[in-house]
Undergrad: 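If you scroll down you'll find the structure; I have some questions about it.
Just so you know, ligand 1 is whichever comes first in the structure, and atom 1 is the first atom listed for that ligand.
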Amino acid sequence: MPNHLFRAVRERTRGRDSHVFLETPPGRRWTYADMMAHSARIAGALVGLGVGPGDRVAVQVEKSPEALMLYLGAVRAGAIFLPLNAAYTVAELDYFLTDAEPRIVVCDPSLRDALSPVAVKAGVRAVETLGADGSGTLMDRAAAFGDRFEDVARGAKDLAAILYTSGTTGRSKGAMLSHGNLVSNAEVLVDFWRFSREDVLLHALPIYHTHGLFVAVNVMLFCGGTILFLPRFDAGECLAALPRATTMMGVPTFYTRLLRHPGLTREASAHIRLFVSGSAPLLADTHREWRARTGHAILERYGMTETNMMTSNPYDGDRIAGTVGFPLPGISIRIADPETGRVLGQDEIGVIEVAGPNVFEGYWRNPEKTAAEFRPDGFFVTGDLGKIDARGYVHIIGRAKDLIITGGLNVYPKEVETEIDALPGVVECAVVGVPHADFGEAVIAVVVPAAGSSLDENAVLAALETRLAKFKWPKRVIFVADLPRNTMGKVQKNILRETYEDLFAGPARN
Ligand code: AMP
C-alpha cells in the first residue's frame, strides 16, 4: 500500500523537479526537488526519533518554509501531523499534549525549557526545536539523513492530521482528518478553481489552520504551482508581492485591510486571476468595494476544520456577495431542523448538514461528541445556521449557538446585523444575546462607527423601527472602535458576551 496523500503529491508534481515550489520575499527558493529532498530528510529524522505509523507529531512553531516541510515529512513518515497555534500558552499546551499524547513535540527554541515539563508529563518521548529561521535540533538531526525516503504506507482512511478546533465554546476538540479527506478536497478545489502549473499563490495565512495548510498548500501541491510564502499578513508586503502572483487566498480581514491601503489599485491586481475569501463572513460592502477598486469579484467559499471545504461561489457565473455559493462536486449539503433533523425546503432557515469524502473521521478520543454531531444517515451537523435560495446558493445566517432566544422568541443575529450594517455611518457590527432577568436573553448590538460619524444609540434604534419586529430591536447599542477578532478574522462573540454579561444585572433595567 502506498502513502495515499504523498503518492498523489508525487503523481501530480512529476516532471516538476526544477520548478519553484516555494519562494519567500527575501528570495529564498525551494524547487519541487528540494521539497522532496527536504521532506525526506525530516521523515528520516522523525523515524529515527521513534515516530511510527499513527503516532502524533505535535508542532508549535512560527510559520516558516521548514515548518511546511515538517508537515510533509510527518505525512511521509506515516505520522499524524498536529499543528498548534503559536499563540497558545504552556498552560493551554498542557491540555493539547495530554489529550493527543504525541510521540514528539517540535517547538520554538525559546519555548523548549518551559514546555519540556508539560511534555514529559504527557509522556512525550522527545522535544525538538525549530525556529522561525529554520534552525534548531530537528533540522540538525535531519541533516544526517538522505534525501530519499520510502514513504510509509497509509491508506485513505488512515489519519494524516489532527487539527484542534478553535473552541470558542467549551474545550477545543481534535478533528481527525484522513488522507482520503485531504486528497479528495485538494482534487476538487484544483478543478473547481482551475488551478494549474502556471499559478503562483500569495500565501499570507497561518499554517496551523485548515485554510492556510490544507486549502492553500495542498491545492498548490496538487497543481504543481508556486507558493509566494509570506511570514504573516501585512498589507504593504502583500501589495508588494501581488504583481508576481496569479491568485490569493485570504480571510475577510485581509481584504478590508488591503482596501484601506492606497496601494490597492486595478494595476496592482491586474495579474491576479482569482481572489478567494473564507473562514469568516465577507461583508457585502467589502465585496462591492473590492470589485469597484480592482475589477475583481472575490470568490467566497465556506468550510470548517471538520469538513474541509464544502461550498464555493462559481468560477464562471455569478459570485454573489453574502452567499457562499454551491456545494462542491461530490459533496451534499442540506438544511435541517436543528432539533428534529427534519430536512427543510428552499429558503427555510435551519442547521447546515454535510456529507461527502471531505467530512472528517470524528473527534479524537471523543466518541460521544462524534456521535452527537452526526445524523444516523451519516450527515455531519455543522452547527452553522443557513438556508438555500431558489438558485441553489447557500447563505450562512450564523452559528446555531449564537441564536438569541429573547422572551421565548428566536432572533437570528445576522438579520439584525444586516440592517445595522446598512445604516450610513456604520462600518460593521455584531449582535449578541446577554443574560436578562425578564427575557432570559436580551439582544444587544456592538457597533463600529465610521470615522467622524455622529451616529448614536437613538438613531440606530429609530432606523430599525420600520425594518424589524420590536422583539428583535437591540435593548442596548454600544459603540466600540473595533470588534474582537481571532487570527482567522472571526468575530469572537464569546468575548462580547462575557464583556457585556452584566449589562442588565442589578435592579430594574429594561
Ligand atoms: P474553522 O473550523 O476554524 O475553519 O471555522 C469554521 C467556521 O467558520 C464555520 O463553521 C463557519 O461558522 C465559519 N465560516 C467559514 N467560512 C465562512 C464563510 N465564508 N462565511 C461565514 N462563515 C464562515
Side-chain angles (χ1 to χ4, degrees), residues 83-85 87-88 161-170 172-177 181-182 185 189 193 205-216 249-256 275-284 286-287 290 297-314 319-328 331 333 335 338 349 351-354 358-360 363 373 380-388 393-403 412-414 417-418 421 428 430 483 485-494:
L84 293 162
N85 187 336
Y88 286 140
I162 294 178
L163 262 55
Y164 278 84
T165 58
S166 40
T168 43
T169 49
S172 98
K173 306 170 292 286
M176 302 190 288
L177 296 153
N181 292 152
L182 302 184
N185 217 234
L189 295 178
W193 293 339
L205 291 158
I207 54 170
Y208 55 75
H209 185 269
T210 183
H211 194 167
L213 186 61
F214 299 140
V215 187
M249 293 182 190
V251 296
T253 324
F254 288 12
Y255 293 100
T256 50
F275 285 105
V276 180
S277 175
S279 291
L282 184 78
L283 293 174
T286 310
H287 194 278
W290 192 269
I298 299 172
L299 180 150
E300 185 169 7
R301 84 335 174 248
Y302 161 55
M304 69 194 294
T305 303
E306 291 92 327
T307 64
N308 297 286
M309 297 306 104
M310 298 179 263
T311 73
S312 171
N313 268 280
R319 298 179 192 164
I320 299 185
T323 82
V324 291
F326 306 109
L328 286 161
I331 295 173
I333 296 273
I335 307 293
I349 295 176
V351 71
I352 300 176
E353 301 186 351
V354 56
N358 54 310
V359 177
F360 75 140
Y363 293 110
E373 308 287 320
F380 172 68
V381 183
T382 62
D384 288 315
L385 294 171
K387 64 175 186 181
I388 301 179
Y393 284 83
V394 176
H395 300 240
I396 298 180
I397 312 290
R399 296 290 295 164
K401 63 174 195 295
D402 292 336
L403 178 73
Y412 296 106
K414 174 88 179 280
E417 285 161 3
T418 307
D421 284 345
E428 60 173 346
L483 296 176
R485 283 201 149 82
N486 71 9
T487 19
M488 299 311 294
K490 290 185 219 291
V491 174
Q492 293 168 303
K493 288 197 166 180
N494 53 329

Undergrad: Tell me the protein heavy atom at minimum distance from atom 10 (O) of ligand 1, and give that distance in Å.
TA: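 Protein heavy atom at minimum distance: D384 OD2, 2.6 Å.
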Undergrad: State whether the shortest distance between N or O atoms of E306 and N or O atoms of ligand 1 falls below 3.5 angstrom.
TA: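 Not met; the criterion fails.
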Undergrad: T307 side chain to G303 main-chain N or O, any donor-acceptor pair under 3.5 Å?
TA: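 Between the backbone of G303 and the side chain of T307 there is no qualifying donor-acceptor contact (under 3.5 Å).
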Undergrad: Any heavy atom of T382 closer to ligand 1 than 4.0 angstrom?
TA: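 Under 4.0 Å: no for T382.
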Undergrad: N308 side chain to L182 main-chain N or O, any donor-acceptor pair under 3.5 Å?
TA: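 It does not hold such a pair.
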Undergrad: Backbone N or O of Y164 within a donor-acceptor pair of the S172 side chain at under 3.5 Å?
TA: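 No.
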Undergrad: Please report which non-hydrogen protein atom sits nearest to atom 8 (O) of ligand 1, along with the residue it belongs to and the distance in Å to one decimal place.
TA: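 Among all protein heavy atoms, the one nearest atom 8 (O) of ligand 1 is K490 NZ, 2.9 Å.
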Undergrad: Quick one: look at H209 and ligand 1, take heavy-atom pairs under 4.0 Å, and tell me if it's side chain, backbone, both or neither.
TA: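 Contact part for H209 vs ligand 1: side chain (C-beta onward).
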Undergrad: Among protein heavy atoms, which lies nearest atom 19 (N) of ligand 1, and at what distance?
TA: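 Answer, as residue, atom name and distance: R301 O, 2.7 Å.
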Undergrad: When you look for heavy atoms under 4.0 Å from ligand 1, do you find them on the side chain of A280, its backbone, both, or neither?
TA: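 Only the backbone of A280 comes within reach of ligand 1.
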Undergrad: Test your reading of the model: is there a side-chain donor-acceptor pair from N486 to the backbone of Q492, 3.5 Å cut-off?
TA: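 Judged by distance alone, no pair lies under 3.5 Å.
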Undergrad: Considering only NZ, NE, NH1 and NH2 on the basic side and carboxylate oxygens on the acidic side, decide whether E428 and R485 come within less than 4.0 Å.
TA: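 A salt bridge links E428 with R485.
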Undergrad: With respect to atom 2 (O) of ligand 1, which of N486, I352, I396, T305 exhibits the smallest heavy-atom separation?
TA: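 Nearest option to atom 2 (O) of ligand 1, by heavy atoms: T305.
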Undergrad: Of the backbone atoms (N, CA, C, O) and the side-chain heavy atoms from C-beta on, which set of P281 has a member under 4.0 Å from an atom of ligand 1: side chain, backbone, both, or neither?
TA: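 Both backbone and side chain.
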Undergrad: Classify the contact between E300 and ligand 1 as side chain, backbone, both or neither, using a heavy-atom distance cut-off of under 4.0 Å.
TA: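 It is the side chain that gets close, since no backbone atom is under 4.0 Å.
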Undergrad: Kindly give the heavy-atom pair with the smallest separation between T256 and T253, and that separation in Å.
TA: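 In terms of heavy atoms, the two residues are closest at OG1-O, 3.0 Å.
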Undergrad: For atom 6 (C) of ligand 1, what is the closest protein heavy atom, and at what distance to 0.1 Å?
TA: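 Result: M304 CB, 3.3 Å.
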Undergrad: Among all protein heavy atoms in this structure, tell me which lies nearest to atom 15 (C) of ligand 1, with the distance rounded to 0.1 Å.
TA: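 Among all protein heavy atoms, the one nearest atom 15 (C) of ligand 1 is G303 O, 3.3 Å.
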Undergrad: For the side-chain contact (heavy atoms from CB on, under 4.5 Å) test, which of I331, L177, L328, L189 pairs with N358?
TA: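 So, applying the side-chain contact (heavy atoms from CB on, under 4.5 Å) to N358 and each of I331, L177, L328, L189, only I331 qualifies.
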Undergrad: Under 3.5 Å, is there a donor on one side chain and an acceptor on the other for T487 and Y208?
TA: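 Yes, side-chain donor-acceptor contact under 3.5 Å.
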Undergrad: Within the 4.0 Å heavy-atom shell around R399, which atoms of ligand 1 are there?
TA: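 Heavy-atom distances to R399 below 4.0 Å select 10 (O), 12 (O).
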Undergrad: Using atom types as modelled and distance alone, determine if a side-chain donor or acceptor of R319 lies under 3.5 Å from a backbone N or O of P314.
TA: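 Checked: pair present.
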Undergrad: To which protein heavy atom is atom 13 (C) of ligand 1 closest, and what is the distance rounded to 0.1 Å?
TA: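 Closest protein heavy atom to atom 13 (C) of ligand 1: S279 O, 3.8 Å.
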